[in-house]
A.B. asks: 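If you scroll down you'll find the structure; I have some questions about it.
Order of the sequence lines fixes the chain letters, A, B, ..., with proteins taken first and strands second; residue numbering starts at 1 for each chain. None of the values given here were measured: they were computed from a predicted structure.
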Amino acid sequence: MAISSGTGPIPVTGQGTRRRARGGYRPESGFNPLAIVFLAPALLLLAVFHVYPTIYTFILSFFRGRSGELNGFLGLRNYEQLFFRDPNFIRFSNPSLDPVNAVLALIVIGSLIAIAVLAIRQRRQKVRDPIRMRVLMLLGIGIVALTAIYRPSGALWNNVLWVVFYTSVVLFLGLIIAVLASRVRYEALIKGIVFLPMAIAATALAIIWRFVYSPDADIGLLNAILAPAGVGPVAFLGDPAIVNWALIAAGIWGSVGFATVILSAALKGIPGEIIEAARVDGASERQIFLRIIVPMVSLPLSVLAVTLIVNVVKLFDLIFVMTQGGPGTASRVIAFSMYQEAFPGGLFGKGAAVAVIMLLLLIPIMIYNVRRFRTEAVT
Amino acid sequence: MVKFNSKSTMWYRPDLFGELNAEPPEDWEGFKGLVQSIREGGQTPLGLGAGDSWTLTDWFESIYVRQAGPEAYDRLFSPEGDWNDPTVAAAINEMTSVLTEENVVGGINTALATDFVGGIGQVFKADPDAAIYYEGGFVGAIATGEVNTDLEIGETIDWFEFPSFGGEGEGAVTIGGDVIAALTTNPGVTEFIQFMSSPESGETWAATGAIISPITGVSTDVYPNELASREAEQVANASAVRFDGSDLMPAGGPDLGALLQSALRGEDVATLLNDFQAQAQTAWENE
């Protein structure tokens, strides 16, 4: 997708500066005792409010944890239960041997073989980029076919749906709106309207969308629109097949404005001469967008992507207010499971185990983010 | 306990019943017949706010205590409870035989997206979508005080007793209520608890019409309307009174409400109960 094209074949200034910056900042060597004094207040706060709770949560996750205390040692049982015996957290269906699954299995195997073939060819020909795109596509097809066979469900899987669809749609719409808005006269007005949901508290946003999705056409805006067309009433939040998509749509509505404003600012930073030069060279609008604009905002795009992913992995408020993880347990996400197990359920150890899993999922993203901050002068 | 409500009250619209020539039923079979005749009369019989899954656990418990009897009820909600016992599936099947796609407003998916108060609205708004709404005695105060202040007791809102199955469970009533407990003996705490269990506080609370007071010495005259005083009478004359069973399950236990939501959607009850039993057992052991 758009982010990866930052490493495309055409060299742009953004990349040049990135390389140069890599060797830039080196901390001064040598130890200064005074530094400890200056650092102490911050270190103390970090230790009390970040380090200690993290370590405590980690240890708690091996216990039964009655009222949040370390009692009833269970070893790894909380984790074992979450991954293998808790359909609300993650469950894979037992695939049956039917023709559809056989075709899907062939697709998985086929894509694996194709990737292997491409990898071998790459060795020989030393063509890098086009092959990489194809490998990613094949990998995507393989993963989609695999999930169609095993039909995962549960909180962990719902979070995967959130990460994939919420993040990509927010980035896509944010970029499109930012680019299109910059070309019309009422840019400020358009951006103001798109940004408006950001001014609403998450809980209020969730309540608004509960009304919008209500199956009662006297309350629910969407069903009021669908009713004259003879459709419905659709229970957006009552049907397990729809509920996650309905929630993701509400989440997207709340975040597109944020992406638009950030990307719009990034677009303003692209020097006019570059685009002008491209135009003089005969580049089409499509080429300008794909080969100049997208690569030049790739850094803000990736920062935005990371921010959105982190927000979505710890997503809680929207689910809590809109569905309480329901109907049944169909719309639970990781953070909701953590709350549900620990507080209403009273299983603080199991809740802590969910929190640890969440932390482990976030660590790679954080490492990526910290690396970027270190190597880039981020706008 | 400082206050409670009966959960064996079936709320209905007397005006709609009049139009349809319907009468409150004698027993469960009569209730099923009533629901069917309302539907055949062109009216959706039942409102349902199953988005709040506890409304379903109340359905289940009210059926179970009357069908299987209070002793079986006590056993089920204890560490010895066996959810694979045929009485459990029987009660769930009775529930889903009434709460069907055709019988509830907008069908099952709509019910699953409607909350408890929304369900009250389906029946007690000015232009009702359904004739009957089952939930505890507290429906009366919410319906008349918040949902629709134009409701007239006996004209547009009333309740009849949850239908009986005969046998042991005849006249058994489920209740939901609040318990008061002190964690310290600091000055004022004991006095507060004493006050909360005095007739004075009980009468103040009962006069709101939202609750029934369990405190002996609270005069039955304080109930502000006939809905509440009949509710108090129902519990006082009940053959057996049982506390809301899903509130007696261990905190880390499986979610009965979620199970019933799945059952309502047509998932296999035996499989659901089998999983539930395994999780319930673990939860009791961890308790």
Side-chain angles (χ1 to χ4, degrees), chain A residues 63-67 71-72 74 77-78 81 85-88 91 207 209-220 222-223 227 232-243 246 321-332 337 340-351, chain B residues 47-56 101 104-122 125-130 246-247 249-267 271-272 274-276 278-279 281-283 285-287:
Chain A
F63 287 83
R64 163 68 175 79
R66 239 172 275 270
S67 33
N71 48 40
L74 295 177
R77 252 186 46 203
N78 283 328
Q81 204 186 7
R85 287 189 288 131
D86 189 350
N88 296 332
R91 164 187 254 170
I207 290 172
W209 276 93
R210 249 179 73 161
F211 285 131
V212 172
Y213 284 140
S214 166
D216 183 346
D218 294 339
I219 303 169
L222 280 176
N223 277 310
V234 181
F236 292 96
L237 301 179
D239 186 341
I242 307 177
V243 63
V321 177
M322 285 181 75
T323 65
Q324 288 275 323
T329 55
S331 64
R332 283 192 182 180
S337 287
Q340 181 67 34
E341 300 295 353
F343 299 102
L347 297 173
F348 285 90
K350 197 175 171 194
Chain B
L48 183 61
D52 285 326
S53 65
W54 55 266
T55 63
L56 294 178
E101 192 69 25
V104 303
V105 177
I108 294 299
N109 279 334
T110 298
L112 289 171
T114 306
D115 61 12
F116 158 65
V117 178
I120 297 180
Q122 291 174 341
K125 63 182 176 180
D127 178 21
D129 294 329
S246 54
D247 289 346
M249 295 286 285
D255 188 341
L256 181 60
L259 177 146
L260 295 170
Q261 286 180 329
S262 304
L264 222 52
R265 282 200 313 269
E267 285 182 37
T271 319
L272 289 170
N274 204 30
D275 288 352
F276 191 87
Q279 290 176 34
Q281 215 152 21
T282 321
E285 282 160 17
N286 286 338
E287 184 69 355

A.B. asks: Under a 4.5 Å cutoff for heavy-atom pairs, which residue among A:P87, A:G72, A:P240, A:S214 has the most contacts with chain B?
C.D. replies: A:P240

A.B. asks: Pick whichever of B:N109, B:L259, B:L56, B:D255 has the most heavy-atom pairs under 4.5 Å with chain A.
C.D. replies: B:N109

A.B. asks: Which heavy atom of B:T55 sits nearest to which heavy atom of B:G49, and what is that distance?
C.D. replies: OG1-O, 3.1 Å

A.B. asks: Taking B:A50's backbone N and O only, do any of them form a donor-acceptor pair with B:Q261's side chain (distance below 3.5 Å, no angle check)?
C.D. replies: yes

A.B. asks: Looking only at non-hydrogen atoms, find the nearest pair between B:E267 and B:R265 and report the distance.
C.D. replies: OE2-NH2, 3.1 Å

A.B. asks: Please determine whether the number of non-hydrogen atoms from other residues, nucleotides or ligands lying under 6.0 Å from atom CZ of A:R66 exceeds 12.
C.D. replies: yes

A.B. asks: Whether the side chain of A:R210 engages the backbone of A:V321 through a donor-acceptor N/O pair (distance < 3.5 Å, no angle test) should be reported.
C.D. replies: yes

A.B. asks: Can you tell me which portion of A:D218 sits under 4.5 Å from chain B's heavy atoms? Options are side chain, backbone, both or neither.
C.D. replies: side chain

A.B. asks: Using a heavy-atom distance cut-off of less than 4.5 Å, which residues of residues 110-120 of chain B contact chain A?
C.D. replies: B:T110, B:L112, B:A113, B:T114, B:D115

A.B. asks: Can you name the nearest heavy-atom pair linking B:G47 to B:A130, along with the distance?
C.D. replies: N-CB, 3.5 Å

A.B. asks: Sequence neighbours left out, what passes side chain to side chain contact (heavy atoms under 4.5 Å, CB included) with A:T323? Give chain and number order.
C.D. replies: A:L237, A:V243, A:L247, A:I319, A:S331

A.B. asks: Taking atom CZ of A:R91 and atom CZ of A:R85, what is their separation to the nearest 0.5 Å?
C.D. replies: 13.5 Å

A.B. asks: Considering only heavy atoms, which portion of B:D52 lies under 4.5 Å from any heavy atom of chain A: side chain, backbone, both, or neither?
C.D. replies: neither

A.B. asks: Quick one: does any side-chain atom of A:Q81 pair with a main-chain N or O of A:D86 as donor and acceptor, under 3.5 Å?
C.D. replies: no

A.B. asks: Identify which part of A:D216 has an atom lying under 4.5 Å from any heavy atom of chain B, answering side chain, backbone, both or neither.
C.D. replies: side chain

A.B. asks: Given a strict heavy-atom distance threshold of 4.5 Å, which part of A:P233 is in contact with chain B: side chain, backbone, both, or neither?
C.D. replies: both

